[in-house]
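First comes the structure, then the notes that go with it.
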Amino acid sequence: MRHPPLLAVFALMVMGLTMLLLSMHPATAQQVTIYRCTDASGNVTLQNGIRCPKGQKQETKRLQAPAPTEPTYTSPAPVMQAPISAPVYATPAPVVNTNATPSILPPPPLYRCHAHTGNSYLSEDGAPKDRCVELQITDLAGSQNRSGAQACEVQQDRCERITDEQLCEAWSQYDKQAQSLVALDNPDIAGKAHAMYGRTQKVMTTTSCAQNP
C-alpha cells in the first residue's frame with residue numbers, strides 16, 4: 001500500500017520527462033528514448049537517452065514528441081496620431097495711444113445782426129427779427145394827425161455770419177452778456193438767461209475758444 005504499482009509510477013515518470021523535454025527543446029524534439037533502470041534493491045530510475053548502468057535491469061520506451069508549432073505573433077495595433085492642426089494666431093488688439101491729444105472742435109457759428117436804428121446784437125441762429133417802424137400820419141391837408149391813429153412799416157434786421165478769426169472773441173462777448181442777464185436776477189427772463197449762460201460756458205470750455213480766452 002505504501003508504493004503504487006510500478007507500471008503506474010513508470011507511466012507518470014514518462015509523462016513528466018516528456019513534458020520536460022518538450023519545454024526544454026520545443027524546436028528539436030522529434031523522438032526520445034526513455035530507459036527504465038532497476039537496481040538490485042528494486043529502486044527504479046528513469047533516464048533520457050542514457051542506458052542503464054551495468055548490473056541493472058534495463059527497459060526502454062520510445063516516445064514520439066509532437067511537431068513543434070510556429071509561434072504566432074500578433075501585429076500591434078497601429079498607433080493613431082492626432083491630426084496636426086494649423087496653429088491659430090490671435091489677432092492682436094489695436095494699440096490705443098492714450099497720449100494722443102483729442103481733437104478740439106471749433107465753436108459753433110455766431111451772427112451779428114443790425115437793426116434799422118443802428119444798434120447791433122449777437123444771435124446764435126442768424127434769423128433776422130421783424131421790427132415795426134412807426135410811420136408819421138398826417139391829415140389830408142398835410143398837418144400832423146391828432147386823431148391818435150398809428151401805423152408802422154415792417155422791416156427786418158440784417159444779420160451776417162462772424163468770420164472764424166473773430167468767432168472766439170464774439171463768443172466771449174456773448175458769454176459776458178449772458179452773465180449780465182443772470183446777474184439781473186429778473187424772474188421774467190431767469191430761465192432764458194440761465195439757458196443762454198449754460199450754452200456760452202460750454203463753448204468757452206470745450207471748444208478751441210478755451211485756448212484763447
Side-chain angles (χ1 to χ4, degrees), residues 1-110 124 164-165 167-168 171-172 175 178 191 194-213:
M1 297 298 290
R2 295 177 58 187
H3 301 284
L6 294 179
L7 182 59
V9 173
F10 178 72
L12 290 174
M13 296 177 70
V14 170
M15 291 178 61
L17 285 173
T18 303
M19 297 301 293
L20 179 61
L21 290 173
L22 290 178
S23 63
M24 294 176 61
H25 307 285
T28 59
Q30 297 294 330
Q31 188 174 22
V32 295
T33 302
I34 306 299
Y35 293 91
R36 180 175 182 274
C37 305
T38 307
D39 60 9
S41 301
N43 298 318
V44 178
T45 58
L46 297 178
Q47 300 181 169
N48 176 24
I50 301 176
R51 293 178 175 275
C52 299
K54 249 182 182 184
Q56 293 187 7
K57 181 182 179 181
Q58 176 178 288
E59 297 179 18
T60 60
K61 187 174 183 66
R62 296 183 182 276
L63 301 176
Q64 185 70 30
T69 57
E70 292 293 332
T72 303
Y73 297 95
T74 303
S75 300
V79 179
M80 300 298 293
Q81 295 183 352
I84 300 175
S85 57
V88 178
Y89 298 96
T91 304
V95 178
V96 179
N97 186 4
T98 56
N99 297 324
T101 303
S103 57
I104 300 176
L105 297 177
L110 199 62
E124 297 180 51
D164 294 340
E165 293 77 13
L167 197 54
C168 284
W171 271 103
S172 178
D175 180 57
H194 282 282
M196 176 181 174
Y197 183 56
R199 294 194 302 273
T200 59
Q201 278 294 290
K202 184 176 181 180
V203 171
M204 297 304 297
T205 57
T206 62
T207 67
S208 58
C209 293
Q211 300 177 351
N212 301 288

Keeping the roles fixed (side chain from Gln58, backbone from Cys52), state whether a donor-acceptor pair exists under 3.5 Å. yes

Chi angles and distances behind the side-chain contact (heavy atoms from CB on, under 4.5 Å) call for Tyr35, Asn48: CA-CA 6 Å; Tyr35 293 91; Asn48 176 24; over 6 Å; no

What is the distance from atom CZ of Arg62 to atom CD1 of Ile34, rounded to the nearest 0.5 Å? 10.5 Å

In Å and rounded to the nearest 0.5 Å, what is the CH2 to NZ distance from Trp171 to Lys202? 11.0 Å

Return the SG to CE distance between Cys168 and Met204, rounded to the nearest 0.5 Å. 6.5 Å

On a heavy-atom basis, the closest approach of Ser208 and Pro106 is OG-CA, 3.7 Å

Output the distance between atom CE (Met196) and atom CG (Asp175), rounded to the nearest 0.5 Å. 8.5 Å

Minimum side-chain heavy-atom gap Leu110-Leu167 below 4.5 Å: yes

Kindly indicate whether the side chain of Thr33, heavy atoms from C-beta on, has any atom under 4.5 Å from the side chain of Lys61. no

